[in-house]
Novice: 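My questions will all concern the structure given below.
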Amino acid sequence: MSNIEKLEKVLKEEFIPELDESLLELANITQSWKATSDDKEEFEDLKEMKKFFEQVVEDLDNKDISEEEAVEILEALNEMRLDK
């Protein structure tokens, strides 16, 4: 499996669904009167992140991502997971 295929699989089957779940949780929190400015900032950051990764998926579908770019994005995703 190429790095491009790995990236597509990870984004579509794991990362974006997890991101959607986190966004839903944060949307509920930010609509509460208990929401902090950090909660709202995190929500906005996750929305931007989702837009970015949806663009990456679109680029993958259009075959506009090279193997090298796929490796870089996979490495960044792995670092994000380690930061959790």
Side-chain angles (χ1 to χ4, degrees):
M1 179 183 288
S2 73
N3 288 308
I4 292 172
E5 291 168 327
K6 285 181 195 173
L7 177 59
E8 186 170 19
K9 182 177 182 325
V10 166
L11 286 176
K12 288 181 176 179
E13 295 177 13
E14 296 173 33
F15 196 77
I16 291 177
E18 288 174 14
L19 200 50
D20 285 337
E21 195 174 299
S22 295
L23 279 166
L24 183 59
E25 289 173 21
L26 274 172
N28 291 330
I29 291 170
T30 58
Q31 292 174 2
S32 142
W33 63 272
K34 294 180 183 179
T36 65
S37 59
D38 287 343
D39 293 332
K40 293 174 183 175
E41 185 177 326
E42 184 177 356
F43 182 65
E44 291 303 319
D45 290 346
L46 286 180
K47 285 193 327 190
E48 288 299 314
M49 187 184 303
K50 183 177 179 195
K51 278 187 203 175
F52 172 78
F53 286 116
E54 285 175 336
Q55 181 61 53
V56 170
V57 168
E58 187 175 316
D59 290 345
L60 286 165
D61 291 341
N62 294 327
K63 305 202 182 322
D64 288 338
I65 298 259
S66 69
E67 278 290 316
E68 294 79 24
E69 290 171 314
V71 168
E72 289 176 17
I73 296 169
L74 282 167
E75 288 173 356
L77 289 173
N78 283 332
E79 285 178 23
M80 286 179 185
R81 285 186 176 146
L82 293 176
D83 289 344
K84 279 189 170 181

Novice: Can you hop from F52 to L26 via hydrophobic side chains spaced under 4.5 Å?
Specialist: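 Result: yes, single cluster for both.
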Novice: Which pair of heavy atoms, one from T30 and one from D39, lies closest together, and at what distance?
Specialist: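 So the two residues come closest at CG2-O, 3.8 Å.
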Novice: Same hydrophobic cluster for L60 and V71, using side-chain heavy-atom links shorter than 4.5 Å among ILVMFWY?
Specialist: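 No, it is not one cluster - the side chains of L60 and V71 are not joined through contacts under 4.5 Å.
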Novice: For I65 and V56, which heavy atoms make the closest approach, and how far apart are they?
Specialist: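 The answer is CD1-CG1, 4.2 Å.
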Novice: Enter the distance from E67:CD to L74:CG here, rounded to the nearest 0.5 Å.
Specialist: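 Spacing of CD (E67) from CG (L74) equals 9.5 Å.
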Novice: When rounded to the nearest 0.5 angstrom, what distance separates NZ in K9 from CE in M1?
Specialist: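 If I round to the nearest 0.5 Å, the distance is 5.5 Å.
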Novice: Could you grab the distance from atom OG of S2 to atom CD of E8, nearest 0.5 Å is fine?
Specialist: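 Going from OG on S2 over to CD on E8, the span is 9.0 Å.
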Novice: Under 3.5 Å, which donor-acceptor pairs link side chains of residues 40-48 to any protein atom two or more places apart or in another chain?
Specialist:
{"unit_1": "E44", "atom_1": "OE2", "unit_2": "K47", "atom_2": "NZ", "d": "3.3"}

Novice: Does the pair K34 and I29 meet the rule for a side chain to side chain contact (heavy atoms under 4.5 Å, CB included), with working shown?
Specialist: CA-CA 7 Å; K34 294 180 183 179; I29 291 170; over 6 Å; no
Novice: If I take atom NZ from residue K12 and atom CG from residue L7, how far apart are they, to the nearest 0.5 angstrom?
Specialist: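 If we round to the nearest 0.5 Å, K12:NZ and L7:CG are 10.0 Å apart.
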Novice: Give a yes or no on whether a salt bridge exists between E54 and K50, defined as a side-chain N under 4.0 angstrom from a carboxylate O.
Specialist: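 Answer for the salt bridge query: yes.
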Novice: Between atom NZ of K6 and atom CD1 of I73, what is the distance when rounded to the nearest 0.5 Å?
Specialist: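 Answer rounded to 0.5 Å: 14.5 Å.
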Novice: So, taking the atom named CZ in F53 and the one named CG in L11, what distance separates them when rounded to the nearest 0.5 Å?
Specialist: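 Going from CZ on F53 over to CG on L11, the span is 6.5 Å.
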Novice: Does the side chain of E75 come within less than 4.5 Å of N3's, by heavy atoms?
Specialist: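 SC-SC contact between N3 and E75 ruled out.
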